[in-house]
Protein chains: 2
Amino acid sequence: MDAQTQARFEAQARIIKAMAHPTRLFIVDQLSKGEKCVFELTEMIGADMSTVSKHLAVLKAAGILSDSKRGLQVYYTLCCPCVMTFFNCVESVLRTNAEQHLSFVE
Amino acid sequence: MDAQTQARFEAQARIIKAMAHPTRLFIVDQLSKGEKCVFELTEMIGADMSTVSKHLAVLKAAGILSDSKRGLQVYYTLCCPCVMTFFNCVESVLRTNAEQHLSFVE
DNA sequence: TTGCTATTTGGTATTATAGCCAAATAGCAA
DNA sequence: TTGCTATTTGGCTATAATACCAAATAGCAA
């Protein structure tokens with residue numbers, strides 16, 4: 001495996017890793033319906049606001065979200081709506097698992 | 001967030017987490033071209049065979065790969081070729097990042 | 001300025017992940 | 001059986017991720 005190929009997989013892994021957490025998937029799902037501020041997301045998630053803020057920072061660092069400060073609030077937006085195709089793809093893996101009685105859902 | 005919703009995101013996160021490693025992405029990419037045994041993958045990756053074997057076990061546990069033993073070799077196959085749409089999606093996030101001079105590639 | 005609210009950052013404990021080596025297991029062949 | 005090869009598993013260490021609390025920062029308003 002040459003260095004360039006490796007670098008490409010590392011870059012891809014960084015994006016995927018940023019999505020690899022239930023709370024962050026929830027955030028992406030919510031933001032696909034429109035921007036939200038940290039407080040709104042924190043209420044929905046029910047964790048400490050600092051925890052939510054750090055999850056948002058992870059997604060932003062990966063280039064999945066962007067933020068804009070308006071007054072006291074910071075609003076986060078999905079910058080790459082294509083990310084939503086992730087969900088379809090993952091769901092189809094889950095369905096395949098379910099068919100093979102290897103479901104993680106239930 | 002109700003328990004069922006949470007369970008769905010946790011199930012999705014497990015699949016995504018299994019993909020969130022450069023070596024495992026490489027494996028998935030290779031297997032998209034056809035089945036390979038552990039030895040072949042180990043040669044390409046250049047890590048310890050036990051390390052490769054553990055990566056394969058992670059992907060298998062997530063329901064992304066299946067294995068079949070034939071003689072001394074264990075052959076691994078992608079059970080969900082849809083997983084390849086991941087790559088397109090991730091690449092488009094990377095392109096967006098690059099456009100915004102936030103590229104992780106270079 | 002002071003005070004209030006929204007958010008981020010720092011510190012820390014806990015838990016999970018990754019990689020290697022060594023040992024165990026499985027299958028074939030002599 | 002013994003020996004050889006392919007693979008997995010166990011043990012270990014090092015590194016990274018997560019979540020909370022507390023403290024710092026930023027912006028508005030009085």
Side-chain angles (χ1 to χ4, degrees), chain A residues 1 6-7 9-28 30-31 34-77 104, chain B residues 1 6-7 9-28 30-31 34-77 104:
Chain A
M1 178 157 41
Q6 179 140 10
F9 284 116
E10 280 168 9
Q12 293 187 340
R14 268 190 291 271
I15 307 290
I16 295 176
K17 206 153 146 188
M19 304 275 292
H21 190 286
T23 301
R24 295 198 288 267
L25 289 176
F26 175 81
I27 290 171
V28 169
Q30 284 302 314
L31 296 186
E35 62 169 20
K36 299 250 179 326
C37 73
V38 184
F39 184 77
E40 292 173 298
L41 290 167
T42 300
E43 273 195 318
M44 291 190 267
I45 292 165
D48 197 274
M49 187 182 269
S50 68
T51 301
V52 175
S53 176
K54 279 172 186 171
H55 282 306
L56 289 164
V58 168
L59 289 165
K60 187 188 165 191
I64 294 166
L65 306 185
S66 63
D67 59 349
S68 78
K69 184 152 198 174
R70 292 210 290 286
L72 287 181
Q73 283 95 20
V74 178
Y75 285 88
Y76 282 87
T77 334
F104 296 109
Chain B
M1 178 156 41
Q6 178 140 12
F9 284 115
E10 280 168 7
Q12 293 187 339
R14 267 190 292 270
I15 307 289
I16 296 175
K17 206 154 145 187
M19 303 274 293
H21 190 285
T23 301
R24 294 198 289 267
L25 289 177
F26 175 80
I27 290 171
V28 169
Q30 284 301 316
L31 297 186
E35 63 169 21
K36 298 250 179 324
C37 71
V38 184
F39 185 77
E40 291 175 298
L41 291 167
T42 300
E43 273 196 318
M44 291 190 266
I45 293 164
D48 195 274
M49 187 181 268
S50 69
T51 301
V52 174
S53 176
K54 278 171 187 173
H55 282 307
L56 289 164
V58 168
L59 289 165
K60 187 188 166 190
I64 294 165
L65 305 185
S66 65
D67 59 349
S68 78
K69 184 153 198 173
R70 292 209 291 284
L72 287 181
Q73 282 95 22
V74 178
Y75 285 90
Y76 281 89
T77 333
F104 295 109

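A, B, ... follow the sequence lines: proteins, then strands. Residue 1 opens every chain.
Rounded to whole angstrom, the span from the CD1 atom of I45(B) across to the P atom of dG19(C) amounts to 10 Å. Put simply, CD on Q73(A) is 11 Å from P on dT8(C), counting in whole angstrom units. Atom NZ in K36(A) sits roughly 18 Å away from atom C1' in dT7(C) (whole-Å rounding). Rounded to an integer number of Å, the gap from CD1 of I16(A) to C1' of dT17(C) is 17 Å. Between the NZ atom of K69(A) and the P atom of dT25(D) there is a distance of 13 Å, given to the nearest Å. The distance from atom CZ of F39(A) to atom P of dT8(C) is 14 Å, rounded to the nearest whole Å. The separation between D67(B) atom CG and dA26(C) atom C1' is 14 Å, rounded to whole Å. Rounded to whole Å, atom C1' of dT17(C) lies 14 Å from atom CG of L59(B).
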**Message:** Quick one, D67(B) with T77(B), criterion side chain to side chain contact (heavy atoms under 4.5 Å, CB included). Give me CA distance, side-chain angles, the key distance, then yes/no.
**Reply:** CA-CA 6 Å; D67(B) 59 349; T77(B) 333; over 6 Å; no
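Remark: dA23(D) base-pairs with dT8(C). Criterion, Watson-Crick or G-U wobble with two distances under 3.5 Å. Under the Watson-Crick or G-U wobble criterion, with both distances below 3.5 Å, dT18(D) is paired with dA13(C).
Checking dA17(D), dT18(D), dT7(D) against every side-chain atom of R24(A), the shortest atom distance belongs to dT18(D). Picking from dT8(C), dC21(C), dT7(D) the nucleotide with the shortest atom distance to the side chain of S50(B) gives dC21(C). Relative to the side chain of M49(A), the nucleotides dT8(D), dT7(C), dC20(D) differ in distance, and dT7(C) lies closest.
A salt bridge does not link K17(B) to E10(B): none of the charged side-chain nitrogens sits closer than 4.0 Å to a carboxylate oxygen. Between E43(B) and K36(B) there is no salt bridge, since no side-chain nitrogen of the basic residue lies less than 4.0 Å from a carboxylate oxygen of the acidic one.
Nearest-nucleotide mapping onto DNA chain C: of T51(A) and L72(A), the residue sitting toward the 5' end is L72(A).
The side chain of K54(B) places no N or O atom within less than 4.0 Å of a non-bridging phosphate oxygen (OP1 or OP2) of dG10(D). At the phosphate of dA19(D), OP1 or OP2 sits under 4.0 Å from a side-chain N or O atom of H21(A). Distances shorter than 4.0 Å separate none of the side-chain N or O atoms of R70(A) from OP1 or OP2 on dA6(C). Within the 4.0 Å cut-off from OP1 or OP2 of dT8(C), at least one side-chain nitrogen or oxygen of Y76(A) is found. Residue H55(B) places no side-chain N or O under 4.0 Å from the OP1 or OP2 atom of dT17(C).
A perpendicular orientation is assigned to the rings of F9(B) and F26(A), their planes being inclined by more than 60° (bins at 30° and 60°).
Taking all atoms of both residues into account, the shortest heavy-atom contact from A18(B) to L59(B) is O-CD2, 3.5 Å.
Residue A57(B) is out of contact with every strand shown, counting any heavy-atom pair closer than 4.0 Å.
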